[in-house]
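Reading through the structure tokens given below for one structure.
Protein chains get the first letters and strands the later ones, always in sequence-line order, with residue 1 at the start of each.
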There are 2 protein chains.
Amino acid sequence: MKVVRNGEAHRASRTGVIRPSGRPSDLSSELPLDTILRGDCVAELSKLPARSVDMVFADPPYNLQLQGELKRPDDSRVDAVDDAWDKFESFQAYDAFTRAWLLAVRRVLKPTGTLWVIGSYHNIFRVGALLQDLDFWILNDIVWRKTNPMPNFRGRRFTNAHETLIWAAREPGAKGYTFNYEALKAANEDVQMRSDWLFPICSGGERLKDEDGRKLHPTQKPEALLARVILSASKPGDVVLDPFLGSGTTAAVARRLGRHFVGIERDPTYADAAQARIDAVEPLPDLALALAPTAREAPRVAFNSLIERGLLAPGTLLTDAKARTRALVRADGTLSLETAPGLGQIGSIHRAGALAQGLDACNGWTYWHVETREGLKPIDTLRAVMRSEMAMAAE
Amino acid sequence: MKVVRNGEAHRASRTGVIRPSGRPSDLSSELPLDTILRGDCVAELSKLPARSVDMVFADPPYNLQLQGELKRPDDSRVDAVDDAWDKFESFQAYDAFTRAWLLAVRRVLKPTGTLWVIGSYHNIFRVGALLQDLDFWILNDIVWRKTNPMPNFRGRRFTNAHETLIWAAREPGAKGYTFNYEALKAANEDVQMRSDWLFPICSGGERLKDEDGRKLHPTQKPEALLARVILSASKPGDVVLDPFLGSGTTAAVARRLGRHFVGIERDPTYADAAQARIDAVEPLPDLALALAPTAREAPRVAFNSLIERGLLAPGTLLTDAKARTRALVRADGTLSLETAPGLGQIGSIHRAGALAQGLDACNGWTYWHVETREGLKPIDTLRAVMRSEMAMAAE
DNA sequence: ACGGAGAGTGAATCATACA
DNA sequence: CTGTATGATTCACTCTCCG
């Protein structure tokens, strides 16, 4: 699927389906968009087309020993064995359950897709170890620090004031996963976003209630947390899947942020509530969502095109920022070094810059400068002029 | 062994040995106190008496699996952990190693003893899962948030700004473990100590250097972290064991805080340096063993947190004080300029403010204003609201 | 002595397009 | 598939050097 960069394009397919690339279209391989699938997540995932989802957020069951509802991968109930709940048995069952849904998720993930899992110390170590065993590639672990955690009533432990998220790529060496680095940095006082995030727990008006005014779902996650996740690791128009949808936070936030969602939920009460919640969401306007072009994604400009366009004349002398090293611009777009080290050598702006500094690599665009009326300027400013000319021409 | 509660009692046995309770005294079952045992930790642990240690702190190899060389943007090389002791053939090999030392540790722990392990996402999930498999009982996971982590140089992930500690009892239902709840609370401005701790990394004068002025040990931990651990989960006179002593932080802090230590270290260089470091430590007078207050955290507010907390909606228009320039608040916490100069450009509140004025820099908090019932207000007032909410939540 | 500039550094699983 | 060329990318803090 082509990456959709503007809102109009993804709006057009808001209620459509997505077919996996490189496979014939048939009903069984279509990805239903913006829908809650009711059923067991492993069973439902197996019906979806392979390699069709951009991001998965999973909030699996945490409690291992406190509840007897744990299901095996085949959906049979794990027998709680009378009074003696065998703890080793329960960890094994939890591992089998986890392995099953992780494998099912891996199948539907695109090769460039990433997976988020949230958990607490009760389960996150097992999930993380299994992720590694199954050859996912952990990119970060993230700590959600709660501003308002529940205190520890008995005073026998530290206040459990955080949960852990794991962010993982589909496999080691996976390339091309989405990470909106520049936007995150810009939003964070122009410093890199760290692995520790601070949010309040979900309470007040955001917390869904049932008819009796009791909380509808025991572990509803705050929308702010999901927004951070979705804004970090997906693009507008992407497909975000949640195999344990619960109260529908993932889907509601995805919809608000112009992403498609696929939710899976077994419990009809939760699924109904999630559907009502999603229906009430108004997607944000495209302008508030579009990603800013990043330096990485800017169109490539060949150095010799500056010469061809007349922005730089052959024979011009370039220098480093302190005017210590010099190089001559040749008509073919190469540089000839005029100073040691590298005197007389010829190469690209990058090779020449590396040679001049005795380094392996160098970004010639920022290393080499040209004399202008306003003083020495990096040739990157000429590239910027070139790019804006190209953008004007494209309109 | 009786718990020793005052300084005098434990001073008396400072250089002595401890015999395991309920067993005949013989040389092979005596615990050598305040000593570094040189050798492999599993072998050395097996020589120690069972059930004789109050607390274990372990900083095992992390199994980092670094792929290649990493350079900073200025092309300098990152001095990474490439030591042989951190290399394992597979996760299986790492698990076998971990299982072996965990079992050896369990044998020497008193039934009331607790174990701390520190790690990163590379290894901590495996350690945690094995702790559960081996029937330890996790009491908390603790996040060490670093004030000054190494940045992510390539901009492909979140800054890895924390490490994780697991605190576990010897077995489920273990009673009588030490947790100095009241002292910790008193030291924490009378609120319960949380599971997220903030400390700088070990650097400056605290960092041990070799003859050439290079760091002696690649992963020396800060003393403040160890002090928090030891003060939380042990009493004066207790025995604290570290099976991977390294540069000796655990032993040095234990000695300073009036605890006995047993250190195990395989590398003679590390062991020698640790011994010299420990010898230079002056134990604190008993009265000074009270907890020092924890540092109050400077509240830092990022612009996107205003959006995440609902104080500012995506799509809102911001203006300068005279309402000449306009910018749109986007969902990810960046601004999109709606007026020239800079029309259409996207950036942080600071970048956008600079662009709008044609300046190099700008304080977006005071430049950008939002329309309120009481007229145009700088967004800094929203930040003030945010800070007061955070302060209230902290009480 | 003091201030400021500049260099150094810390447990890191840190590219991608195109030929 | 591999190999090659391009070129994007850092925060908080400590210490030294120089004026």
* Asked: In whole Å, what separates the P atom of C:dT13 from that of D:dT4?
  -> 29 Å

* Return the nearest nucleotide to the side chain of B:Gln67; candidates are C:dT13, C:dA11, D:dA8. => C:dT13

* Geometric class of the A:Phe199/A:Trp197 ring pair [parallel <30°, tilted 30-60°, perpendicular >60°] -> perpendicular

* May I ask you to say what A:Ala295 touches in the nucleic acid, namely base, sugar-phosphate or nothing, with a heavy-atom cut-off under 4.0 Å? => sugar-phosphate

* Asked: Reckon B:Asp82 touches a base, only the sugar-phosphate, or nothing at all at heavy-atom distances under 4.0 Å?
  -> nothing

* Where does DNA chain C form stems of at least three consecutive Watson-Crick or G-U wobble pairs, each pair having both distances below 3.5 Å? -> C:2-10 with D:11-19, C:15-19 with D:2-6

Distance-only criterion, 3.5 Å: show the donor-acceptor pairs between side-chain atoms of residues 317-324 of chain A and protein atoms not counting sequence neighbours.
| residue | atom | partner | partner atom | Å |
| --- | --- | --- | --- | --- |
| A:Asp320 | OD1 | A:Ala323 | N | 3.0 |
| A:Asp320 | OD1 | A:Arg324 | N | 2.6 |
| A:Asp320 | OD1 | A:Thr325 | N | 3.1 |

* To do: Assign A:Glu189 to base, sugar-phosphate, or nothing according to its heavy-atom contacts below 4.0 angstrom with the strands shown.
  => nothing

* **Between A:Arg309 and A:Ser305: side-chain donor-acceptor atoms closer than 3.5 Å** => no

* What nucleic acid atoms does B:Asn160 come within less than 4.0 Å of, heavy atoms only: base, sugar-phosphate, or nothing? -> sugar-phosphate

* Structure fact -> Side-chain contact check for B:Arg156: nearest option of C:dT16, C:dT13, C:dA11 is C:dT16

* To do: Check the surroundings of atom CZ in A:Arg99: do more than 12 heavy atoms from other residues, nucleotides or ligands lie under 6.0 Å from it?
  => no

* Closest-nucleotide 5' rank along DNA chain D - winner of A:Asp190 and B:Asp75 -> B:Asp75

* Between A:Trp116 and B:Phe158, how do the two ring planes meet: parallel, tilted or perpendicular, split at 30° and 60°? -> perpendicular

* **Separation of B:Asp360 CG from B:Leu355 CG (nearest 0.5 Å)** => 10.0 Å

* With a 3.5 Å cut-off and no angle check, do the side chains of A:Gln357 and A:Tyr367 form a donor-acceptor pair? -> no

* Check every strand shown and say whether B:Pro222 touches a base, only sugar-phosphate, or nothing at a heavy-atom separation below 4.0 Å. => nothing

* Structure fact -> Taking C:dA11, C:dT16, D:dT10 as options, the one with an atom nearest any side-chain atom of B:Asp74 is D:dT10

* Inspect the surroundings of CZ in B:Arg266 and state if more than 12 heavy atoms from other residues, nucleotides or ligands are less than 6.0 Å away. => no

* Asked: Considering only side-chain heavy atoms of B:Tyr121, which listed nucleotide, D:dT10, C:dT16, C:dA12, is closest?
  -> C:dA12

* What nucleotide among D:dC11, C:dA12, C:dT13 has an atom nearest to a side-chain atom of B:Met150? -> C:dA12

* Return yes if a side-chain donor-acceptor contact under 3.5 Å exists between A:Asp141 and B:His162, otherwise no. => yes

* Asked: For A:Lys185 and D:dT10, is the shortest distance between a side-chain N/O and OP1 or OP2 below 4.0 Å?
  -> yes

* Using heavy atoms to find the nearest nucleotide of DNA chain C for B:Gln220 and B:Asn152 separately, return the residue whose nucleotide is more 5′. => B:Gln220

* Between A:Leu139 and B:Lys215, who's closer to the 5' end of DNA chain C by nearest nucleotide? -> B:Lys215

Pairs under 3.5 Å (N/O, protein and nucleotides 3-7 of chain D):
| residue | atom | partner | partner atom | Å |
| --- | --- | --- | --- | --- |
| D:dT6 | OP2 | A:Ser348 | OG | 3.1 |
| D:dG7 | OP2 | A:His350 | NE2 | 2.4 |
| D:dG7 | OP2 | A:Trp365 | NE1 | 2.8 |

* Asked: Where does the angle between the aromatic ring planes of B:Phe125 and A:Phe125 fall among parallel (under 30°), tilted (30 to 60°) and perpendicular (over 60°)?
  -> tilted

* Please check if the distance between the ring centroids of B:Trp85 and B:Tyr270 is under 6.0 Å. => no

* Give the rounded distance in Å between these two atoms: CG of B:Asp212 and C1' of C:dG8. => 16 Å

* Structure fact -> Under a 4.0 Å heavy-atom cutoff, the residues of residues 168-178 of chain A touching DNA chain C are A:Lys175, A:Gly176

* Where does the angle between the aromatic ring planes of B:Phe244 and B:Trp101 fall among parallel (under 30°), tilted (30 to 60°) and perpendicular (over 60°)? -> perpendicular

* Asked: Which residue pairs pass the salt bridge (charged side-chain N to carboxylate O under 4.0 Å, His left out) test when at least one of the two sits in residues 80-90 of chain B, sequence neighbours left out?
  -> none

* Structure fact -> In short, A:Ala298 meets A:Arg387 closest at the heavy-atom pair CB-CZ, 3.5 Å

Look for any protein N or O under 3.5 Å of an N or O in nucleotides 13-18 of chain D and output each such pair with its distance, or none.
| residue | atom | partner | partner atom | Å |
| --- | --- | --- | --- | --- |
| D:dC15 | OP1 | B:Gly205 | N | 3.4 |

* To do: For B:Arg72, answer base if it contacts any base atom (sugar-phosphate contacts may also be present), sugar-phosphate if it contacts only those atoms, and nothing otherwise; contact means non-hydrogen atoms under 4.0 Å.
  => base

* Would you tell me if any nitrogen or oxygen in the side chain of B:Lys71 comes within less than 4.0 Å of OP1 or OP2 on C:dC14? => no

* Indicate syn or anti for D:dT10, taking the glycosidic torsion and treating anything within 90° of 0 as syn. => anti

* Asked: Cationic tip of B:Arg126 within the cone over B:Phe91's six-membered ring, i.e. under 6.0 Å and within 45° of the normal?
  -> yes

* With no angle test and no hydrogens, is the base of C:dT9 tied to the side chain of B:Arg214 by a donor-acceptor pair under 3.5 Å? -> no

* To do: Using atom CZ of B:Arg207 as one end and atom P of D:dA12 as the other, report the distance to the nearest whole Å.
  => 19 Å

* Asked: With a 4.0 Å cut-off on heavy atoms, is B:Thr219 in touch with a base, just the backbone sugar-phosphate, or nothing at all?
  -> base

